[in-house]
> 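Have a look at this one before I ask anything.
Remember, it's 1-based here, ligands and their atoms both numbered in the order they're listed. All values derive from a computational prediction rather than experimental measurement. Numbers for residues simply follow the sequence, beginning at 1.
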Amino acid sequence: MKRTALVTGASSGIGAELARVFAANGFDLVITARRRDRLEALAAELHDRHGCCVHVIAADLADPSAPSRIAREVAEAGLQVDALVNNAGYGLPGSFLSSPWESHRAFIQVMVTAIVELCRLFAPGMVERRRGWIINVGSVAGLVPATAGHTLYGAVKALVIRFSESLALELRPHGVQVTALCPGFTYSEFHDVNRMRAQVSRLPSFLWLHADRVAREGYDAVMRGDRVFVNGRVYRAIVLGARLAPTWLVNLASRKMAPRFRRT
Ligand SMILES: NC(=O)c1ccc[n+]([C@@H]2O[C@H](COP(=O)([O-])OP(=O)(O)OC[C@H]3O[C@@H](n4cnc5c(N)ncnc54)[C@H](OP(=O)(O)O)[C@@H]3O)[C@@H](O)[C@H]2O)c1
């Protein structure tokens, strides 16, 4: 039986590339996001290129009923999910206090609750079959010290990473691999959505990753069974430096760097 991967946030950026990588490796796909037209274009591309079956589900993960609806549609289509890729995500523009509570609530729903719920919905089937792969897309922002203006983003990514590490330990004896994939700055629509394009465009090119590489490395990492994977030598050095350097120095460096990629 062919394996199936469910990818959230597949309508652009890293998610679209993750869908391409899973398709290239012989998986059928369930792809979801809000923009159905984008998903259908990707489904046609993957079918033409790899001959795989692609099931499209348009869903807004800010809606608390979305994860269970996705699971229901998957079951009704007679599919089982062998690989789950929780990739959908975004950044809120501006500072914590400049957004109303409703925006933060929706943000937490998409960035935390939906991810955890989708894991809770699909991991039992993987455990039962003693085979499965889960990628939760975190960020380098969840591994480095807190910065002003990234107030909730770094916090939710830190939660996703820690949750993924624990889930990996819980599920590995049952044949299920879990990886927190942690990219740094990556070319995608992310910085248009959080309205930081002009500011981050001034960052040096060595800090930028390409979404296809992030996706390829993420696929390899979960297949290898890495619990946390940071893309790129530069970011691995930054994460290591943040861990090993004295706290005062790390905090000073992050206070100096943060205004270059974040408005407060
Ligand atoms: N780009 C970076 O620099 C960077 C760095 C580290 C981590 N990340 C993480 O990588 C992941 C993918 O981001 P990206 O860079 O590829 O950005 P992107 O190009 O903007 O893609 C984000 C994806 O998430 C989907 N999405 C957003 N809100 C959603 C919602 N409410 N319901 C359902 N789907 C939703 C979008 O689809 P629709 O708009 O069609 O719904 C889109 O497919 C995110 O988790 C992000 O936090 C990005």
> If you count heavy atoms of other groups shown closer than 6.0 angstrom to CZ of R120, is the number above 12?
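At most 12 heavy atoms, drawn from other residues, nucleotides or ligands, come within 6.0 Å of this atom.
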> Taking CZ in R69 as the centre, count heavy atoms belonging to other residues, nucleotides or ligands within less than 6.0 Å. Is the count above 12?
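Enclosed: over 12 neighbouring heavy atoms sit under 6.0 Å from CZ of R69.
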> Between the candidates F185, F107, Y153, Y90, which shows the shortest non-hydrogen contact distance to atom 8 (N) of ligand 1?
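Among F185, F107, Y153, Y90, the closest heavy atom to atom 8 (N) of ligand 1 comes from Y153.
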> Do M111 and V160 have side chains that approach each other closer than 4.5 Å (heavy atoms only, starting at C-beta)?
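No - every pair of side-chain heavy atoms lies 4.5 Å or more apart.
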> May I ask whether H191 places a heavy atom under 4.0 Å from ligand 1?
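A heavy atom of H191 does come that close to ligand 1.
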> Atom 23 (C) of ligand 1: which of A59, A215, G9 has the nearest heavy atom?
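Result: the heavy atom closest to atom 23 (C) of ligand 1 is in G9.
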> Counting only heavy atoms, tell me which of L18, V140, N231, I14 gets closest to atom 16 (O) of ligand 1.
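Shortest heavy-atom distance from atom 16 (O) of ligand 1: I14.
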> Pick whichever of N87, L209, D192 has a heavy atom sitting closest to atom 11 (C) of ligand 1.
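Minimum heavy-atom distance to atom 11 (C) of ligand 1 goes to N87.
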> Looking only at protein heavy atoms, identify the closest one to atom 3 (O) of ligand 1 and say how far it is in Å.
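Its nearest protein heavy-atom neighbour is T186 N, 2.9 Å.
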> Which residue holds the protein heavy atom closest to atom 22 (C) of ligand 1, what is that atom called, and what is the gap in Å?
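The closest heavy atom on the protein side is G89 O, 3.4 Å.
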> Please could you name the atoms of ligand 1 that E189 approaches to less than 4.0 Å, counting only its heavy atoms?
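So the answer, numbered in order with elements, is 18 (P), 19 (O), 20 (O).
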> Determine, considering heavy atoms only, which of S11, G91, G13 sits nearest to atom 37 (O) of ligand 1.
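Among S11, G91, G13, the closest heavy atom to atom 37 (O) of ligand 1 belongs to S11.
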> Could you check whether atom CD of E189 has more than 12 heavy atoms from other residues, nucleotides or ligands sitting under 6.0 Å from it?
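Yes, enclosed.
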> Side chain, backbone, both or neither: which part of A66 has a heavy atom under 4.0 Å from ligand 1?
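Looking at A66 and ligand 1, no heavy atom falls under 4.0 Å.
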> Taking F96's backbone N and O only, do any of them form a donor-acceptor pair with H104's side chain (distance below 3.5 Å, no angle check)?
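A pair under 3.5 Å: yes.
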> Can you tell me which residue and heavy atom of the protein come closest to atom 17 (O) of ligand 1, and the distance to 0.1 Å?
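Answer, as residue, atom name and distance: S188 OG, 3.4 Å.
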> Is atom CZ of R243 surrounded by more than 12 heavy atoms (other residues, nucleotides or ligands) closer than 6.0 Å?
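It does not: R243 CZ has 12 such atoms or fewer within range.
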> I'd like to know if A106 contacts ligand 1, where contact means a heavy-atom distance under 4.0 Å to any ligand atom.
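It does not; every heavy atom stays at 4.0 Å or beyond.
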> Can we say D82 and R131 salt-bridge, meaning some charged N sits less than 4.0 Å from an Asp/Glu carboxylate O?
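Salt bridge present between D82 and R131.
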> Given G218, A114, G184, A211, which has its nearest heavy atom closest to atom 5 (C) of ligand 1?
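Result: the heavy atom closest to atom 5 (C) of ligand 1 is in G184.
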> Given A19, A88, A141, A33, which one has a non-hydrogen atom that is nearest to atom 26 (N) of ligand 1?
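It is A88 whose heavy atom sits nearest to atom 26 (N) of ligand 1.
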> Do any N/O atoms on L61 end up under 3.5 angstrom from N/O atoms on ligand 1?
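Indeed, backbone or side chain, L61 has an N or O that close.
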> Mind checking the NZ-OG spacing from K157 to S139? Nearest 0.5 Å is all I need.
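The distance works out to 6.5 Å.
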> Would one find more than 12 heavy atoms of other residues, nucleotides or ligands at under 6.0 Å from atom NE2 of H50?
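Enclosed: over 12 neighbouring heavy atoms sit under 6.0 Å from NE2 of H50.
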> Please check: side-chain N/O of D60 versus main-chain N/O of R34, any donor-acceptor pairing under 3.5 Å?
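No.
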> Can you name the atoms of ligand 1, numbered from 1 with element, that are less than 4.0 Å from a heavy atom of S139?
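Answer for ligand 1: 6 (C), 7 (C).
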